[in-house]
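Accompanying notes for the structure given below.
The chain is numbered in sequence order, starting from 1. From a predicted model like this one, the values you see are computed outputs, not experimental measurements. What's counted below: heavy atoms across the whole structure, side chains too, no hydrogens, waters or symmetry copies.
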Amino acid sequence: MNKLRASKLKKLICAGIALCGMSLALTQLAFGQGADIAEQDGATEEQGSQELLEFADMSALFVIPTDYFVARVEKVTDRGETQDVTLVIGGGPEKGQTISIIHGEMIEITDYQKVTQGEEVIVGRGEMDGAPVYTIMDKYRIPAVAWIAAIFFAVAIFFGKKKGFTSVLGMILTILILVKFIIPPIVAGGDPFWISLFGAIAIAFISLYLSHGFNRRTTIALIGTLITLGLSAILSLIFVNFSKLSGAGTEDAYFLQLGSFGAINLQGLLLGGIVIGALGILDDITTGQAAAVEEIHKANPRLSMSDLYKRGLSVGREHIASLINTLVLAYAGASFPLFIIFSVDSSEPLWVTLNHEYLVEEIIRTFVGSTTLIFAVPITTWLAARAFTKPKQRRHA
């Protein structure tokens, strides 16, 4: 946990203590407790106020940075739980200046969070009583990510040729749509569910045609994607409301509700995330099914629509079997820490753990995605079988 996150946590603790004290006092007044209890409450409130002041004094030590820059570790002296670090600022108006920081003074740091000589880190600069306060926020990872991205793009373009290039372009445009056309309206107070749904439709058009070209196969895949995307939206609404999810099951959602984004509909955000996630698997299965049916038709153009549908569906069943397992593993990998927690935590029964909202959210994501891809196979296969056969070959499947 970095120091900025720790600062938020300390403020939440302080606010929580204050709210608990106020709630207790109001509850006791509402139920008309006796004078003896009131005296005890006064003593408790006084003790709580003292604890609140202590927490406030402690939280005052955490300075929220107003400026950020990259610095290189010049010298490190490890003192066990803390490190004396000498840094050379690498940018901004203080570029080239040398500063000294006690890393781990306020928040305990792990061995991984410790820094080494020559390493680059992100440093936050704030002020306390008019004096600058510097804090090591995190390790600087952007150059490493840039190299990894460059390797990925090179491999995709080298082996994928033109389609590899257009797929990379489609991925970039998808990210731009998410950042520029989906997130801002949600932050402004729009309904995350509908914004995400319309954004997903736009992404489907752009990514499919850019990645697979303007042809009949892609159009069939797009139609199948749009139909099943609408189905995923309906399923997510039904499943989320039936399982009584509010969208506040994660720590990130909790911070959104308490911060400056309190107007965001968290349940709508959960629904929108499920729809966007479903689009990723639909892209794969609809294009795969359309391609399989077309290739079967090319191999034997005399097949009727019924036969073409059956053979395409046979391929699709294998696709379903592999994708369901892939989808479960993908969600499990993303939520791996949660699996560890409820596997080793014996403080509550397993059924209580499984009832927690953060876990139910992941279960619902998996079930919506899996159900959607199952329906995508027969829908896309039927569309492709109909499109690739002549009218006289179209018999009822």
Give the C-alpha distance, both sets of side-chain angles, the deciding distance and a yes or no for side chain to side chain contact (heavy atoms under 4.5 Å, CB included) between T218 and T287. CA-CA 7 Å; T218 305; T287 55; 6.0 Å; no

Run the side chain to side chain contact (heavy atoms under 4.5 Å, CB included) check on F69 and K95 step by step: do they pass? CA-CA 9 Å; F69 46 82; K95 182 178 180 179; over 6 Å; no

Given the rule in the side chain to side chain contact (heavy atoms under 4.5 Å, CB included) test, do V70 and V123 qualify, once you have shown the distances and angles that lead to the verdict? CA-CA 6 Å; V70 178; V123 175; over 6 Å; no

Worked verdict on T219 versus Y209 for side chain to side chain donor-acceptor pair (under 3.5 Å): CA-CA 8 Å; T219 301; Y209 279 123; 3.0 Å; yes

Go through R386 and M305 one step at a time and tell me if the side chain to side chain contact (heavy atoms under 4.5 Å, CB included) criterion holds. CA-CA 6 Å; R386 182 176 177 82; M305 177 181 170; 3.7 Å; yes

Could you pull out every donor-acceptor pair under 3.5 Å between side chains of residues 222-230 and any protein atom, sequence neighbours left out?
| residue | atom | partner | partner atom | Å |
| --- | --- | --- | --- | --- |
| T225 | OG1 | A221 | O | 2.7 |
| T225 | OG1 | T286 | OG1 | 2.8 |
| T228 | OG1 | G224 | O | 2.6 |
| T228 | OG1 | T225 | O | 3.2 |

For a quick test of your reading: what N or O donor-acceptor pairs under 3.5 Å do the side chains of residues 180-199 make, sequence neighbours left out?
| residue | atom | partner | partner atom | Å |
| --- | --- | --- | --- | --- |
| D191 | OD1 | F193 | N | 2.9 |
| S196 | OG | P192 | O | 2.7 |

Show which side-chain atoms of residues 71-78 pair as donor or acceptor with protein atoms under 3.5 Å away, not counting sequence neighbours.
| residue | atom | partner | partner atom | Å |
| --- | --- | --- | --- | --- |
| R72 | NH1 | E74 | OE1 | 2.8 |
| R72 | NH2 | E74 | OE1 | 3.2 |
| D78 | OD1 | G80 | N | 2.8 |
| D78 | OD1 | K114 | NZ | 3.4 |
| D78 | OD2 | K114 | NZ | 3.4 |

Expected list for residues 152-171: side-chain donor-acceptor pairs under 3.5 angstrom, two or more places apart:
| residue | atom | partner | partner atom | Å |
| --- | --- | --- | --- | --- |
| K161 | NZ | F158 | O | 3.3 |
| T166 | OG1 | K162 | O | 3.2 |
| T166 | OG1 | K163 | O | 3.0 |
| T166 | OG1 | L210 | O | 2.7 |
| S167 | OG | K163 | O | 2.7 |

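There is no path of hydrophobic side-chain contacts, each under 4.5 Å, that joins V88 to V121. No single ILVMFWY cluster, assembled from side-chain heavy atoms under 4.5 Å apart, contains both I148 and Y140. In terms of hydrophobic clustering, with Ile, Leu, Val, Met, Phe, Trp and Tyr side chains grouped at heavy-atom distances under 4.5 Å, I220 and F214 are assigned to a common cluster.
Counting all heavy atoms, side chain and backbone alike, S236 lies closest to V275 at OG-CG2, 4.2 Å. Smallest separation of non-hydrogen atoms from R125 and P132: NH2-CB, 3.4 Å. The nearest pair of heavy atoms linking I285 to A376 is CG2-CB, 3.7 Å. In terms of heavy-atom proximity, S100 sits nearest to T86 at OG-OG1, 4.0 Å. Considering all non-hydrogen atoms of both residues, S232 and T372 come closest at CB-OG1, 3.3 Å. For I109 against G104, the heavy-atom pair with the smallest separation is CG2-CA, 3.8 Å.
Distance alone, capped at 3.5 Å, is enough to place a donor-acceptor pair between the S304 side chain and the D307 backbone. Side-chain atoms of N241 come within 3.5 Å of backbone N or O of L237 as a donor-acceptor pair. The backbone N or O of A387 lies less than 3.5 Å from a partner atom in the side chain of R216, making a donor-acceptor pair. Not a single donor-acceptor pair under 3.5 Å links the side chain of H103 to the backbone N or O of V85. Between the side chain of H319 and the backbone N or O of D284 there is no donor-acceptor pair closer than 3.5 Å.
Separation of atoms CD1 (I206) and CG (L173) is listed at 6.0 Å; rounding is to 0.5 Å. In this structure, L279 CG and S207 OG are separated by 6.0 Å, a value rounded to the nearest 0.5 Å. Atom CD1 of I102 is separated from atom CD of E81 by 13.0 Å, given to the nearest 0.5 angstrom. The CG atom of L87 sits 5.0 Å away from the CD1 atom of I99 when rounded to the nearest 0.5 Å. How far OG1 of T135 is from CD1 of I64: 11.0 Å, rounded to the nearest 0.5 Å. In this structure, CZ in F242 is found 9.5 Å from CD1 in I364, a value given to the nearest 0.5 Å.
For the pair P378/L313, a side-chain contact is recorded, criterion being any heavy-atom separation below 4.5 Å from C-beta on. In this structure the side chain of H212 reaches within 4.5 angstrom of the side chain of D283, judged on heavy atoms. In this structure, L178 and I203 have side chains that are in contact, with non-hydrogen atoms separated by less than 4.5 Å. Residues R311 and V315 fail the side-chain proximity criterion, which asks for heavy atoms closer than 4.5 Å.
With sequence neighbours excluded, the residues that form a salt bridge (Lys or Arg N to Asp or Glu O under 4.0 Å) with R217 are E294, E295. Listed by chain and residue number, R302, L303 satisfy the side-chain contact (heavy atoms from CB on, under 4.5 Å) test with N300 (two or more places apart in sequence, or in another chain).
Donor-acceptor pairing under 3.5 Å is lacking for the side chains of T66 and E127. In summary, the side chains of Q289 and T381 do present a donor paired with an acceptor at a separation below 3.5 Å, with no hydrogens or angles considered.
Of the options L235, V240, T366, a side chain to side chain contact (heavy atoms under 4.5 Å, CB included) to I274 is made by V240 and by none of the others.
Relative to the six-membered ring of Y112, K139 meets both conditions, a distance below 6.0 Å and an angle of at most 45° to the axis.
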